[in-house]
Every structure is written in structure tokens, then in C-alpha cells.
Amino acid sequence: MPIRLHDSLTRSLKELKPAQADGVFRFYNCGPTVYAPAHIGNFRTFVVNDVIRRLLDLEFGPGKVKHVRNLTDVDDKTIKRARDEGRPLAEVTKQWTDKFHADCDALNCLRPHVEPTATGHIREQVDMIDVLMKKGNAYRAADGSVYFKVSSFDGYGRLSRVKERELRPEAVSALSGKSQAVDADEKEDATDFALWKAHKPDDGANSWDSPWGAGRPGWHIECSAMSKKHLGETIDLHTGGVDLLFPHHENEIAQSECCNGREFSHHWYHSEHLLVDGKKMSKSLGNLYTLDELIAKGFTAQTVRYALLMGHPRKQLNFTLESLHAAESALNTLRNLRKSFKTPTPAASIDRTAFDPVLAALKDDLNIPAALGSLFTIVNRNDAGTDLAAFDRVMDTLGFKLELPEAKIEIPQDIKDLAEKRWAAKQAKDWTGADALRKELHDRRWVMFDAKDGYKLEPLKR
RNA sequence: GGUGCGGUAGCCAAGUGGUAAGGCCGAGCUCUGCAAAAGCUCUAUUCGGCGGUUCGAUUCCGCCCCGCACCUCCA
């Protein structure tokens, strides 16, 4: 059964398959800007893309998928951060790249095969801009910036239907307003966008030479240049969050197709935003979570991963602390369930198809909630068989690591002492004393779980 | 104003022209000094509202109401 996935360009379900003769599936996923910790909204997209990657590996074989995800390590935000902190840009972006990697690892996201950086591909970007200049798709403004001439590309707006949109009156005035004035004055048309940004004092040392003078690449050109270098002129699948649909991906198409003279990507996929408490995350609403903050609340990264996968990727998902609790319980059920499966003997005739409906749901437009539903349905009906390998294959595809022991938590000595006291009281059948100590532990946010021959301490979850 | 996506049980969330998956919570039971864990069982005569098409609509069509997002920083 082939993988079918919604294509944002044609707005239809299309089969995923490698177009080129070598049979390698070329997958480009827009990565983060490394200037701060990514929030869980960012991670919804990366976790969804991780499931795509795993599904592709399953379908075509791990060696037949090439996954590229970029790091934007030079732009207004990264430069501002470095300037504010008085540190070199490379140092700041390294710090946040490392953090991003650590978070991705915790969430059990597979590393892409190539993770190119914008600063590592200045020449490739300059080369592309050069071609666009020569072909008449770009022009140099008086200040040395280079802009893409949107009117030179007939296909512009096909992805985002930008021509069908009408600019809101406020948006029109904003274009001639203060924040846009610097660029807008230099541009021939308000819709043109920067390929190369002439050096400004605020950029500091972050400047590279180019045929058009010192400066730095615009944001959009990096993905065009890096996907071309690592995947070739035409790729099989390009993904990102919905907000990238316009202008980022629209602009990528314009640059790449004008430069290369051929289709840029066969397939486009955009995952919807994560909402927190019903609203888009934003600093002003104070509803922006990072992985660390959720872990500090006592949840594991696996729980966060599960919660991020509870909704259909193309629908907005409302994230709440309550949904995290639901995820935690569901994951726990899965964890217990796993213990009931057995490692099959090689010769045993086992049913490897038991979980096929789960995989089928994933292959049907990445319907993760349906896949999860199907998984539990199979289990509840006792149709799961006993094959651990079949079960694990499904868990692997979803990226759930059930066998991993949870991180060791430090238990303070005084808590340990209280627990010992209670255990002794219990052994002495001093129920009143034991209950009082249990309550005391609870007040200090620890829970004691009794077993036949011992006990376990866990911090109280909030 | 334009564009797009939604409104399904207390919460989250699939789905289909033929009578509602699943998860969480909750309840009951088993087990158990208590608690927890674990296991079992139960939990929408109903799918935003009003019309229409149809033998039959939550599913198709029309209108209306409500929510969210996007409209050149943004996963």
C-alpha cells in the first residue's frame, strides 16, 4: 500500500514516490532559526515530519530516503540576539543548535541525513542569485540589495493563491509604513523580496562578499540553494509549517524554478499550528511552552511527543496541560501492553499483519489519530497477537520509545527517611502512623507506592 | 475585507450516504491494611442551527451562527 499525502499545491491526495531513477526519495524539511529554544509548536511540526521520515524509511528502506533539514543561522533574529548579548553570531547559533538537537533527541526525532546551514552555503546562494540576475528575474537596488522580481515569474502565487487574496486595508498601509519603509523604498514593487541584503551597521561583522557588494543572503534563498546542493534541482517532498506556505515557500518556488528552469518540488506538505489553550502561542499571551518547561512540570519528552501527535497534522491542535495528562496515561497503557508481547522464535509462525491497519492509517494522509485509534481498537479486540516485533514496528514508526526507562529522579534524603519510617510503620501494622506518614509525604509532593516486598517513590505530578 | 481550516460525548479526537473508532476523565467490579498500580466492565438514540436532496444525512447541497489561523518576522 503506497503512502498517500495531501499536496498543498494541488490540494489533493498524491502518492509519495521517488521520481528519480536511483529510487532515492528526496525529502526537504524547513528547519528552525537557531536564536532561542524552540517551543512546542515548532516541535509539533518537527515531530510530524519525523513520522513522515519514519514512514518513508519503512516504505522505501532506510537507505532509499534522503532527508535534509536546514538550520537558519543568519537572519535578523539571530543577528539581533548576538548583538544584544555581545557575542559572535556563530557562538550564539551554536548554542541554540545544540539545544535544538538535544530537544529533538529527547523527543526521539531521527536526525536528518544532512543538516545544512545558511552560513555554510553562502557561495551556493550567491551562485543562484547570480543566475537569477543574469536571467532577468532579479535586480540590484541602489543600496546594493538584490531583489527577486515577482512579476518575472508567471507561476508566482500558485501555492498560496496569493493572487486570489486581497490585501487587508491595514496591510496595504503597513507596506508603506515605517517598518517596511527601508526595504520598500528600494524595491520596484512591494511584493518583491530580498535575495541579498546589503550590509547595514546593525549587521556588524556578519557580512559576506558578493558581486553586488557586502551583505548577507535573504531568508528564502537559503532553502533553494541548500536543497539544490544536497538533493538536486527537483525534490520529491518539501515540508514545513503552514505559516511557511506564504511567503517562504512561494518565494522558494519562484527562485528555484526561475533559476533551474524546472519543477522545484513534486509535493508540498504543511502541518497546521499548535494552539495553546485555544489560541496561537505568543509571548504576549504568555502561553508559549518549551520542552524544558514541560519537563520541569514532571512530564517526559515522550509524553510531549504523544500529545503533539494526538491531532491530525493538517488540523490545528489545541494543546493543554490536560492533554498532556491524557498522553501520559495512554502511553502508560501502551507501555504495560508491550509487556504482554513476546519475542518470537525465528521459526514461529506469527502474524505480522496484526497492526497493518495502523500503518494503513498513517499511509492514508498521515492520519495519526486514526492510527492511534486503530491501534487501541486492535488491542481491545485482542487481535494483536503476541508478536513483539510487529508491535515494536508500529511504535517505531510513530517514534514512541516505550522500553526506555524514565529518567532517574533524585530523591532527597529526608524524603527517603520519611519513606523508610512509613515502611517500618506499615510492617509493624501501625496503620495510623503509616497513613500519617503517607500524608506527610504527599504534602511534600511525593507519592509512595507499596508493593509486596518494597515501595517506590515518585514526585507528585502537578 | 480576502483566503483557508474547523464546530462530533465532561475534555481531546477519528470517521462514514445506512444508522457514531479510539484516548483521557468518571463510575462499578477484581485485587488490596489504606492508597496506588494492574486487569475487567460501563459511559453520545446523537454529530453548531435551519432548510433542501434522498427510502435513509452527522456524512451531499444551500443559508445562517460561532471559533481559529493566515494576508509578506513566524513550525
Side-chain angles (χ1 to χ4, degrees), chain A residues 8 11 29-33 38-49 72 75-77 80 150 160-172 174-175 179-180 183-184 190-194 219-220 239-248 250-251 270-275 278-282 306-308 310-312 314-320 322-334 336 339-340 357 361 367-381 426 429-432 434-435 438-439 441-442 447-452 455-456 458:
Chain A
S8 310
R11 287 169 207 96
N29 169 18
C30 279
T33 302
H39 55 66
I40 51 164
N42 297 314
F43 282 120
R44 155 123 112 144
T45 298
F46 295 124
V47 167
V48 164
N49 273 274
T72 298
D75 77 325
D76 291 350
K77 283 176 294 194
K80 181 174 189 308
V150 165
S160 62
R161 292 181 170 181
V162 75
K163 284 171 184 166
E164 286 89 331
R165 299 185 189 193
E166 276 182 29
L167 277 183
R168 182 176 54 179
E170 303 94 89
V172 173
L175 283 175
S179 61
Q180 307 276 337
D183 280 357
T191 59
D192 292 348
F193 56 91
W219 172 40
H220 312 297
T239 65
V242 265
D243 52 309
L244 296 185
L245 208 131
F246 184 82
H248 187 53
E250 195 71 64
N251 292 354
H270 295 91
S271 46
E272 253 297 348
H273 277 303
L274 186 73
L275 266 33
K279 299 277 181 198
K280 182 181 172 175
M281 276 183 291
S282 72
Y306 193 103
L308 294 176
M310 289 201 303
H312 189 113
R314 284 196 295 110
K315 274 176 78 170
Q316 292 168 351
L317 175 67
N318 190 23
F319 182 89
T320 60
E322 202 181 329
S323 67
L324 228 32
H325 281 115
E328 188 172 45
S329 298
L331 221 34
N332 197 249
T333 303
L334 254 21
N336 285 316
K339 294 174 190 154
S340 67
N367 195 337
I368 298 170
L372 255 16
S374 167
L375 173 66
F376 282 100
T377 302
I378 291 165
V379 168
N380 294 341
R381 286 184 191 153
K426 181 188 158 125
K429 297 199 189 296
D430 170 16
W431 307 133
T432 320
D435 287 350
R438 173 188 288 292
K439 185 175 185 310
L441 280 164
H442 189 272
V447 190
M448 194 163 167
F449 300 117
D450 295 353
K452 277 200 185 69
Y455 60 88
K456 201 170 64 174
E458 275 185 19

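Sequence lines set the chain letters: A, B, ... in the order given, protein chains first and strands last, and positions in each chain run from 1. Keep in mind it's a predicted model, so treat the numbers as computed, not measured.
Where A:G241 and A:F193 each meet RNA chain B at their nearest nucleotide, the meeting point lying more 5' is that of A:F193. Each of A:D435 and A:S323 was matched to the nucleotide of RNA chain B holding its nearest heavy atom; the match closer to the 5' end belongs to A:S323.
Straight-line distance from the NZ atom of A:K456 to the C1' atom of B:A35: 14 Å, rounded to whole Å. Between A:E250 atom CD and B:C70 atom C1' there is a gap of 14 Å when expressed in whole angstrom units. Put simply, CG on A:N251 is 13 Å from P on B:C71, counting in whole angstrom units. Between the CG atom of A:L317 and the P atom of B:G23 there is a distance of 18 Å, rounded to whole Å. When the C1' atom of B:U3 is taken as reference, atom CZ of A:F246 falls 11 Å away, rounded to whole Å. Distance A:Y306 OH to B:A13 P: 13 Å, rounded to the nearest Å.
Under the side-chain contact (heavy atoms from CB on, under 4.5 Å) criterion, A:D192 pairs with A:Y139, A:Y147, A:V150, A:K187, A:E188, A:D189, not counting sequence neighbours. Under the side-chain contact (heavy atoms from CB on, under 4.5 Å) criterion, A:K77 pairs with A:T33, A:Y35, A:D75, sequence neighbours left out. Shown here are the side-chain contact (heavy atoms from CB on, under 4.5 Å) partners of A:L317, two or more places apart in sequence or in another chain: A:R44, A:L274. By the side chain to side chain donor-acceptor pair (under 3.5 Å) test, A:S374 pairs with no residue at all, sequence neighbours left out. Legend: residues meeting side chain to side chain donor-acceptor pair (under 3.5 Å) with A:K339, ordered by chain and number and at least two apart, are A:N336. For A:H39, the side-chain contact (heavy atoms from CB on, under 4.5 Å) test picks out A:N42, A:M281, A:L288, with sequence neighbours left out. For A:D430, there are no side chain to side chain donor-acceptor pair (under 3.5 Å) partners at least two apart in sequence or on another chain.
For B:C34, the base has a donor-acceptor partner in the side chain of A:D450 [N/O atoms by modelled type, under 3.5 angstrom]. Judged by distance alone, with hydrogens and angles left aside, A:R44 brings no side-chain donor or acceptor close enough to the base of B:A75 to form a pair under 3.5 Å. Side-chain atoms of A:R438 come within donor-acceptor range of the base of B:C34, with a qualifying N/O pair under 3.5 Å. Interface remark: the A:N367 side chain does not form any donor-acceptor pair with the B:G15 base, using a distance-only criterion of under 3.5 Å.
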Using nucleotides 38-40 of chain B, report all nitrogen or oxygen pairs with the protein that are shorter than 3.5 Å.
| unit_1 | atom_1 | unit_2 | atom_2 | d |
| --- | --- | --- | --- | --- |
| B:A38 | OP1 | A:N332 | OD1 | 2.6 |
| B:A38 | OP1 | A:N336 | ND2 | 3.1 |

Could you go over nucleotides 7-9 of chain B and give all protein N or O partners under 3.5 Å, atom names and distances?
none

Might you list the N or O atoms of the protein lying below 3.5 Å from N or O atoms in nucleotides 19-22 of chain B, with each pair's distance?
| unit_1 | atom_1 | unit_2 | atom_2 | d |
| --- | --- | --- | --- | --- |
| B:A21 | O2' | A:T377 | OG1 | 2.9 |

Please tabulate the protein-to-nucleotide N/O contacts below 3.5 Å involving nucleotides 67-69 of chain B, giving atom names and distances.
| unit_1 | atom_1 | unit_2 | atom_2 | d |
| --- | --- | --- | --- | --- |
| B:C68 | OP1 | A:K279 | NZ | 2.3 |
| B:C68 | O2' | A:Q316 | OE1 | 2.8 |
| B:C68 | O2' | A:Q316 | NE2 | 3.4 |
| B:A69 | OP1 | A:K280 | N | 3.2 |
| B:A69 | O4' | A:Q316 | NE2 | 3.0 |

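Here A:L274 lies in heavy-atom contact (under 4.0 Å) with a base. Residue contacts shown for A:H312 are limited to sugar-phosphate atoms, with no base heavy atom under 4.0 Å away. Among the atoms of the strands shown, only primed sugar atoms or phosphate atoms (P, OP1, OP2) are found under 4.0 Å from some heavy atom of A:G240.
In this structure, A:G311 and A:P369 approach most closely via the heavy-atom pair C-CG, 3.4 Å. In terms of heavy atoms, A:G240 sits closest to A:T45 at C-CG2, 4.0 Å. The minimum heavy-atom distance between A:F46 and A:P32, with the atom names listed, is CZ-N, 3.8 Å. Heavy-atom minimum distance, A:L324 versus A:A307: CD1-CB, 3.5 Å.
With centroids closer than 5.5 Å and planes inclined by less than 30 degrees as the test, A:W431 and the base of B:G33 pass as a stacked pair.
A 3.5 Å limit on both hydrogen-bonding distances identifies no Watson-Crick or G-U partner for B:C47. Applying the Watson-Crick and G-U wobble criteria (two distances, each under 3.5 Å), B:U3 pairs with B:A69. Checking B:A57 for Watson-Crick or G-U wobble geometry (two distances, each under 3.5 Å) identifies no partner in any strand. In this structure, B:G33 makes no Watson-Crick or G-U wobble pair, since no nucleotide meets both defining distances under 3.5 angstrom.
Between A:M448 and A:D450 there is a side-chain heavy-atom pair separated by less than 4.5 Å. Between A:F376 and A:L334 there is a side-chain heavy-atom pair separated by less than 4.5 Å. Taking 4.5 Å as the limit, every side-chain heavy atom of A:E250 sits out of range of all side-chain heavy atoms of A:L245.
Distances from the side chain of A:F449 to the nucleotides B:C34, B:A36, B:A75 place B:A36 closest. Listed nucleotides: B:A14, B:A75, B:G33. Nearest to the side chain of A:M281: B:A75.
Spacing of P atoms, B:A27 relative to B:G67, comes out at 34 Å, to the nearest Å. B:G49 sits 48 Å from B:A35 when the C1' atoms are compared, rounded to a whole Å. Here the separation of B:A21 from B:C42, taken at their P atoms, is 13 Å to the nearest Å. Here, B:G7 and B:G26 have their C1' atoms 25 Å apart, quoted to the whole Å. Taking atom C1' on both nucleotides, B:A57 is separated from B:A75 by 37 Å, rounded to a whole Å. Nucleotides B:C31 and B:C66 are separated by 48 Å at their C1' atoms, to the nearest Å. Between B:U45 and B:G52, the distance separating the two P atoms is 25 Å to the nearest Å. Separation of the C1' atoms belonging to B:G62 and B:A69 is 26 Å when rounded to the nearest angstrom.
Note on ring orientation: taking the six-membered ring where Trp is involved, the planes of A:H248 and A:H220 are tilted (angle from 30° to 60°).
A:H270 pairs with exactly one of A:D243, A:V242, A:V48 by the side chain to side chain contact (heavy atoms under 4.5 Å, CB included) rule, that one being A:V242.
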Just by protein heavy atoms under 4.0 Å, how would nucleotides 25-32 of chain B read 5' to 3' in B, S and -?
S-------

